[in-house]
Amino acid sequence: MVRVRFAPSPTGYLHVGGARTALFNWLFARKNKGKFILRIEDTDTERSTRESEQMIMNDLKWLGLFWDEGPDIGGEFGPYRQSERLKLYKEYAYELVKNGHAYFAVYDKDDPKNVLYTTTQEPKDGNPYTVVFKVPENEIVKFNDMLKGEIEFSTEHMDDFIILKSNGYPVYNFAVVIDDHLMGITHVLRGEDHISNTPKQILIYRAFGWEPPKFMHIPLILGADKTPLSKRHGATAVEHFRREGYLSKALVNYLAILGWSVDEEIFDYTQKIDSFTPDRISNKNVVFDYQKLEWVNGKHMRLLTVDELYTHFEEWRNFVGAEKRIPKEVLEICREKVNTLKQLYEFALPFVDEEYEYSQDYIEKFAKKPEAVSIIELALERFSSLENYDIQNVETTLREIAASLNIGTNKVFQTIRGALLGRLVTPGLFESIVVLGKEETIRRLQRTLDFIRKLS
Ligand code: GLU
């Protein structure tokens with residue numbers, strides 16, 4: 001059975017690159033009806049935190065990448081946090097010493113950088129010691145990467161390396177082998193930055209006489225300048241995109257098309273599981289394109305029904321603590337012009353903000369013009385007596401106002417648009433007026449009249 005894992009170090013937030021690695025593992029497990037395991041690699045005691053672990057788990061759940069075994073839900077092969085597996089690492093490190101593949105290095109307790117001696121007997125003289133792996137001389141380490149093909153390393157320039165530190169913690173290269181083996185991991189899909197670690201890991205597998213898993217090293221996500229995507233390029237945290245109002249399915253969709261060739265660009269990844277084959281993952285470097293991501297998000301937003309959009313919007317509003325409620329009808333008329341839930345909120349805000357402000361361009365180009373007052377006064381009069389307040393009648397009324405004042409429709413429409421919403425970019429004017437409703441339209445026209453009169 002296929003068993004894969006995502007093994008984040010909880011030293012910060014979930015990076016989009018990590019999310020993409022998790023996605024590929026998740027898809028691979030689902031496609032092969034296997035298991036997706038979450039393992040927390042918290043052996044860096046200075047930088048690992050439980051908050052970070054929690055954040056990473058929250059983000060994975062938000063993305064919909066649920067795991068079958070992990071620190072929070074347990075499983076047959078636990079514990080799933082490396083800090084809870086120290087006994088195992090020690091046991092296996094000592095076994096390597098016993099088999100002649102490792103030795104103890106003993107340090108001067110007053111000068112811990114100074115190696116006093118090495119031995120194959122457990123030191124008992126009170127000095128700190130590490131367990132060091134003995135790298136065999138002039139051996140060729142080969143493995144067949146599922147993406148990159150055959151990779152070969154010689155041990156010629158490889159030094160012996162510590163596997164167990166004096167504080168009892170394993171190093172990454174050791175813990176990862178013990179865990180992947182004991183957890184029955186069949187395939188290791190991870191970032192290309194780990195290729196150089198793989199030979200060390202394979203040597204450890206060999207020393208135990210264990211069969212290594214299959215490896216697939218995925219190209220890293222790069223920034224525009226072709227260096228690994230980092231904060232210097234812009235946001236990289238999954239949570240950032242959640243706050244900015246991205247839909248999780250859109251973010252996952254984007255991460256999937258970043259280096260995985262599929263026939264369509266916009267899809268629901270949960271419907272794509274069957275077409276996920278590793279040979280479709282590109283071996284080329286991929287550049288994170290913020291604009292493309294926004295475009296993908298806009299596409300996903302427009303695929304939602306109004307009710308679905310409302311549900312996502314409310315979830316987002318809760319998450320970021322955005323104060324104002326926006327009625328569904330307002331979301332519906334605002335959705336066409338925006339690409340994220342946050343943009344939707346900002347675009348819709350004037351509809352629910354009774355104290356909306358007037359933009360500078362509205363004031364200069366329309367509110368200050370001599371005909372503004374007569375346009376708004378006439379609109380007040382006509383809308384007050386309008387019986388059927390629907391799109392058709394609203395449009396007719398506005399055109400009649402323009403005709404009777406002998407002013408161009410564009411000028412009339414923009415003057416009214418800004419009067420009602422404070423801005424010149426809004427959803428369609430007629431629908432906006434209907435959504436505001438008669439009473440609110442009249443109140444807002446009056447408010448603007450007062451405002452304009454104070455201008456002069
Ligand atoms: N903890 C490692 C990392 O976050 C995992 C690497 C691996 O998948 O082997 O990079």
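One-based numbering along the sequence shown. Counting starts at 1 for both ligands and their atoms, in listed order. Basis for what follows: all heavy atoms, side chains included, without hydrogens, waters or symmetry-related copies.
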Checklist entry - With a cut-off of under 6.0 Å to the ring centre and 45° to the axis, is R242 in cation-pi contact with F319? => result yes

Checklist entry - Looking at side-chain heavy atoms only, is the closest gap between L344 and L309 below 4.5 Å? => result yes

Next on the checklist: Side chain, backbone, both or neither: which applies to F6 and ligand 1 if a contact is any heavy-atom pair less than 4.0 Å apart?
Outcome noted: neither

Item to check | Protein heavy-atom partner closest to atom 9 (O) of ligand 1 - residue, atom, separation in Å | outcome: Y172 OH, 2.6 Å

Checklist outcome for this item: Here the atoms of ligand 1 under 4.0 Å from any heavy atom belonging to R190 are 7 (C), 8 (O), 9 (O)

Next on the checklist: For K87, is there an ion pair with E91 - N to carboxylate O distance below 4.0 angstrom?
Outcome noted: no

Item to check | Under-4.0 Å salt bridge between R81 and E53 | outcome: yes

Item to check | Heavy atom of the protein closest to atom 1 (N) of ligand 1 (residue, atom name, distance) | outcome: E41 OE1, 2.6 Å

Item to check | Per-atom contacts, ligand 1 versus V176 - under 4.0 Å to a heavy atom | outcome: 9 (O)

Checklist entry - Looking only at protein heavy atoms, which one is nearest to atom 10 (O) of ligand 1, and how far off is it? => result H194 NE2, 2.8 Å

Checklist entry - Between R325 and E314, is any pair of side-chain heavy atoms under 4.5 Å apart? => result yes

Checklist entry - Could an N or O of ligand 1 be found under 3.5 Å from any N or O of A7, whether backbone or side chain? => result yes

Next on the checklist: Nearest 0.5 angstrom please: F215 CZ to N144 CG, how far?
Outcome noted: 11.5 Å

Checklist entry - Identify the closest protein heavy atom to atom 8 (O) of ligand 1: which residue and atom is it, and at what distance? => result R5 NH1, 2.7 Å

